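Basis for what follows: all heavy atoms, side chains included, without hydrogens, waters or symmetry-related copies. As the structure is a prediction and not an experimental result, all values here were calculated from the model.
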Amino acid sequence: MDHVEIHTDGACKGNPGPGGWGVLMKSGRHVRELCGGELGTTNNRMELMAVIQALAALKRPCHIVLYLDSEYVRKGITEWIHGWKAKGWRTAAKQPVKNVDLWQQLDQAVSGSAHVIEWRWVKGHAGDPGNERADALANEGVSKALAQGG
């Protein structure tokens, strides 16, 4: 199984507002960078989209160490999602899960694959080179969204 190190980040100028997502992937000597964005979105949606896009870019099952600065995404996919699914995509307070469309996509990307994923939280904007690059790519995604009008 190939080993891949992935750093993801999301950015939003205003919340909601124009947003972007960024992905830095490394496997051996190979490095790949991805970014994208959209206009009326939120930071949490862009954090989710970064991980979804990273996993979609993989062509075969991999052992992944995935670094992200979003506890919302890390805890959501490793802890909260089980309860949400059991409750029909409702929270403990019986409210609809926010961003359910993206949570369902991420759930499919994770459970519908043979990837082995280690979810690692890193402090954002604290000098971690992978996180800093993913952040720069997310901001590039915002710029692309603004230039393309969405």
Side-chain angles (χ1 to χ4, degrees), residues 1-13 15-86 88-89 96-125 128-150:
M1 197 176 260
D2 290 339
H3 286 262
V4 181
E5 181 179 294
I6 299 174
H7 295 264
T8 64
D9 201 13
C12 210
K13 305 302 178 195
N15 203 16
W21 53 267
V23 176
L24 172 65
M25 307 172 83
K26 295 179 182 179
S27 182
R29 296 185 323 242
H30 301 285
V31 177
R32 186 169 180 200
E33 296 181 338
L34 308 169
C35 69
E38 53 192 73
L39 293 178
T41 192
T42 66
N43 192 66
N44 283 342
R45 288 186 69 80
M46 293 296 93
E47 294 281 0
L48 281 161
M49 188 58 77
V51 178
I52 291 165
Q53 293 294 332
L55 296 176
L58 298 171
K59 304 298 182 216
R60 60 186 163 276
C62 296
H63 180 265
I64 303 163
V65 180
L66 198 150
Y67 297 90
L68 66 172
D69 63 10
S70 171
E71 284 286 57
Y72 170 71
V73 175
R74 190 185 67 80
K75 286 187 175 181
I77 196 64
T78 62
E79 298 174 24
W80 307 332
I81 199 164
H82 310 293
W84 294 339
K85 287 168 65 172
W89 294 98
V97 171
K98 289 182 181 173
N99 305 311
V100 68
D101 58 327
L102 296 182
W103 282 115
Q104 289 171 339
Q105 284 183 50
L106 182 56
D107 181 44
Q108 179 60 39
V110 171
S111 63
S113 73
H115 297 310
V116 175
I117 305 173
E118 295 177 43
W119 301 89
R120 303 235 181 117
W121 180 82
V122 295
K123 183 175 174 60
H125 310 287
D128 178 272
N131 180 258
E132 295 294 335
R133 184 63 191 142
D135 178 66
L137 289 164
N139 282 294
E140 189 177 316
V142 175
S143 297
K144 282 184 176 182
L146 289 168
Q148 296 171 353

Side chain proximity check, [X] to [Y], heavy atoms < 4.5 angstrom:
X	Y	answer
L106	L55	yes
V23	I6	yes
T41	M49	no
V51	W21	no
D69	D9	yes
M46	E38	yes

Calculate, to the nearest 0.5 Å, the distance between atoms [atom1] and [atom2] belonging to [X] and [Y] respectively.
X	Y	atom1	atom2	result
L68	R74	CG	CZ	7.5 Å
Q104	L48	CD	CG	12.0 Å
Q105	Q53	CD	CD	8.0 Å
L34	M25	CG	CE	6.5 Å
T42	Y72	OG1	OH	7.0 Å

Give me the atom names and distance for the closest heavy-atom approach of [X] to [Y].
X	Y	result
G17	C12	O-SG, 3.7 Å
L102	I52	O-CD1, 3.4 Å
A145	G37	CB-C, 3.6 Å
A54	T8	CB-CG2, 4.2 Å
L137	C35	O-CB, 3.2 Å
I81	W103	CD1-O, 4.1 Å

If we count only N and O atoms by modelled type, under 3.5 Å, do the side chains of K13 and N139 hold a donor and an acceptor together? yes
Assess, by modelled atom type and distance only, whether the side chains of E5 and H7 contain a donor and an acceptor separated by less than 3.5 Å. yes
Below 3.5 Å, can you tabulate the donor-acceptor pairs from side chains in residues 112-119 to any protein atom, sequence neighbours excluded?
residue : atom : partner : partner atom : Å
S113    : OG   : A109    : O            : 3.1
S113    : OG   : V110    : O            : 3.2
S113    : OG   : H115    : N            : 3.3
H115    : ND1  : C62     : N            : 3.0
E118    : OE1  : R120    : NH2          : 2.4
E118    : OE2  : H63     : NE2          : 2.9

Look at the side chain of D128 and the backbone N and O of N131, then say whether any donor-acceptor pair between them is shorter than 3.5 Å. yes
How are the rings of W89 and W84 set to each other: parallel, tilted or perpendicular (split at 30° and 60°)?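 Plane angle between 30° and 60°, so tilted.
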Are there over 12 heavy-atom neighbours, none belonging to H82, within less than 6.0 Å of that residue's NE2?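 Check passes, neighbour count above 12.
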Are the charged groups of D101 and R45 less than 4.0 angstrom apart, N to O? yes
